[in-house]
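Here the structure is laid out as structure tokens; the discussion comes afterwards.
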Protein chains: 2
Amino acid sequence: MTPENLLPALADYVLQHGLSDVSLRPLAKAIGTSDRMLLYHFGSKSALIAALLDYLARNYAEALDTAFPQAVAASRKECVMQVLAIVRTDPFRPFMRLWWDIIAGAASGNDAYRESAKVIAEQLLDWFEAHMPQDDPDPKQGAKLLFTLIEGALMLDVLDQGHLADAGIAAAEL
Amino acid sequence: MTPENLLPALADYVLQHGLSDVSLRPLAKAIGTSDRMLLYHFGSKSALIAALLDYLARNYAEALDTAFPQAVAASRKECVMQVLAIVRTDPFRPFMRLWWDIIAGAASGNDAYRESAKVIAEQLLDWFEAHMPQDDPDPKQGAKLLFTLIEGALMLDVLDQGHLADAGIAAAEL
DNA sequence: CTACAAGTGTAGCAGTCGCTACAATTCGAG
DNA sequence: CTCGAATTGTAGCGACTGCTACACTTGTAG
């Protein structure tokens, strides 16, 4: 049993229970081992978290590609709405909870969190750029705009206020 | 010494040290009292946090009005950029860190956090609507759009990627 | 078979957590 | 002054934290 083999189970647990309050003993129990073993494999809790964040970031891109349809939107507005519709489905909810944990950690100065979030954000931005409407006049900057909107909308979703973002986007030119 | 008198000092501490990892003993020591007293005044830690969030939400609106200039932007784009420029100054940094703590808590299912964040977000949206360009064709929906953009940009700021939001906004029509 | 490294269980350390029991003090109302 | 309420200090409980010491069992290479 190598550390790498443990990562999927660890990721499952963390997706379900959050990252900020995780502690070794319950985590170990949930995946059928002991805190002693997690420390043996990873050296320390922070190293475990770092490996876990790396794993999540590495696996996020492919999760995106499998979950998102290849449909190309006709307009920027349609593109945003498509992505939002998908990202709001149940399978993505655990990841969103984790996402805000990571952002909060990064905001508090945790560099490992920030770096991991950066990787994920970059991948998402790249994905966005590749999925812009074919006739978009400026896909590169457009992707940045849509990405910013999406993140703002996801934040409002946390407050059950996603409809505000929807309304603002629906009424906009973009 | 009533609980209300303690709130400003508590807010100062929390703005500096974050909300997610706060514990009673260091908090009490920092404001010159004891954990025993905090519990005496507030009943429990969660009640203290609730009172603190309420206090922060109540005081946020006036902080907005004193910190933001009354200048009216000529366009939506200019409006966003003005707000971003101010919200990115040093005095606002502690609040931003706290903000993402609250969002992460809300995302993890903490209803007190979510309600407090909702109040703050509502106030910010109202403020936005009142400060839209005078000739804006649809200030109500426009404010929602700009608010969404601002929150997305602030999230990217956490990752030192605010420039992405800036570029996207700069190139957009809005 | 031997020897050595990898892996694992048990027990525990030193620390922190929210919270409470108990007692002491302070203070204003009668 | 007297009595009861409000306030505060001390000490500690039971639970949890990351982590480690020590012993033990494996598995494998020579």
Side-chain angles (χ1 to χ4, degrees), chain A residues 1-56 97-98 101-102 104-106 108-113 116, chain B residues 1-56 97-98 101-102 104-106 108-113 116:
Chain A
M1 183 62 80
T2 66
E4 287 75 29
N5 297 347
L6 294 172
L7 286 173
L10 292 172
D12 279 351
Y13 180 89
V14 152
L15 280 168
Q16 212 169 6
H17 296 82
L19 191 49
S20 57
D21 289 343
V22 79
S23 63
L24 292 181
R25 272 180 265 245
L27 173 60
K29 187 170 218 174
I31 69 169
T33 178
S34 67
D35 59 333
R36 174 70 186 72
M37 279 301 95
L38 292 180
L39 289 169
Y40 175 75
H41 286 307
F42 292 98
S44 70
K45 182 187 180 184
S46 58
L48 186 157
I49 299 293
L52 192 45
L53 288 175
D54 183 64
Y55 173 79
L56 286 164
R97 182 239 194 98
L98 193 60
D101 263 357
I102 296 172
S108 295
N110 186 317
D111 289 335
Y113 282 37
S116 177
Chain B
M1 183 64 80
T2 65
E4 288 75 28
N5 297 347
L6 295 172
L7 286 174
L10 292 173
D12 280 351
Y13 180 88
V14 153
L15 280 168
Q16 210 169 7
H17 296 81
L19 191 50
S20 57
D21 288 344
V22 79
S23 63
L24 292 181
R25 273 179 266 245
L27 173 60
K29 187 170 219 174
I31 69 169
T33 177
S34 67
D35 59 333
R36 174 69 185 73
M37 280 300 96
L38 292 180
L39 289 169
Y40 174 74
H41 284 309
F42 293 97
S44 71
K45 182 187 181 183
S46 58
L48 186 157
I49 299 292
L52 192 47
L53 287 176
D54 183 62
Y55 172 80
L56 286 164
R97 182 238 195 99
L98 194 60
D101 262 357
I102 295 172
S108 295
N110 186 318
D111 289 334
Y113 282 35
S116 177

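Per chain, numbering begins at 1; letters A, B, ... match sequence-line order. Every value quoted in this text rests on a predicted model; they were computed, and no experiment measured them.
Applying the 4.0 Å criterion to OP1 and OP2 of dA6(C), one finds that H41(A) has every side-chain N and O outside that range.
Residues D101(A) and V14(A) form no side-chain contact, since every pair of their non-hydrogen atoms from C-beta on lies 4.5 Å or further apart. Within the 4.5 Å cutoff, the side chain of V22(B) has heavy atoms near those of the Y13(B) side chain.
In this structure, F42(B) atom CZ and dT8(D) atom P are separated by 12 Å, rounded to whole Å. Across the protein-nucleic acid pair, M37(B) atom CE and dT25(C) atom P stand 15 Å apart, rounded to whole Å. Spacing between atom CD1 of I49(A) and atom C1' of dG18(D) amounts to 12 Å, rounded to whole angstrom units. Taking atom OH on Y40(B) and atom C1' on dA24(C), their separation rounds to 14 Å, with Å as the unit.
Nearest nucleotide to the L39(B) side chain, out of dT8(C), dC19(D), dT20(C): dT20(C).
L98(A) CG to L53(A) CG: the interatomic distance, rounded to the nearest 0.5 Å, is 7.5 Å. One distance of note links CG of D12(B) with CD1 of I31(B); it measures 10.0 Å at 0.5 Å rounding. Here N5(B) contributes atom CG and L10(B) contributes atom CG; the two are 11.0 Å apart, rounded to the nearest 0.5 Å. Note that CG of L48(B) is 13.0 Å distant from OH of Y55(B), once rounded to the nearest 0.5 Å.
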Fill in: Sugar-phosphate or base contact per nucleotide [nucleotides 21-26 of chain D; S, B, -; heavy atom under 4.0 Å]
BB----
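Legend: side-chain hydrogen bond (donor to acceptor under 3.5 Å, both in side chains) pairs involving residues 25-35 of chain B, not counting sequence neighbours: none detected. Applying the salt bridge (charged side-chain N to carboxylate O under 4.0 Å, His left out) rule to pairs touching residues 38-50 of chain A yields nothing, sequence neighbours excluded.
Only at 4.0 angstrom or more do the heavy atoms of residues 7-16 of chain A sit from any atom of DNA chain C, so none qualifies. Within residues 21-35 of chain B, the residues having any heavy atom closer than 4.0 Å to DNA chain D are, in order of number, R25(B), S34(B).
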Worksheet item: Can I49(A) and Y113(A) be said to form a side chain to side chain contact (heavy atoms under 4.5 Å, CB included), step by step?
Response: CA-CA 9 Å; I49(A) 299 293; Y113(A) 282 37; 3.9 Å; yes
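Applying the side-chain hydrogen bond (donor to acceptor under 3.5 Å, both in side chains) rule to D54(A) yields the partners R58(A); only residues at least two apart in sequence or on another chain are considered.
Atom CG of D21(B) sits in a sparse spot, with 12 or fewer heavy atoms from other residues, nucleotides or ligands closer than 6.0 Å.
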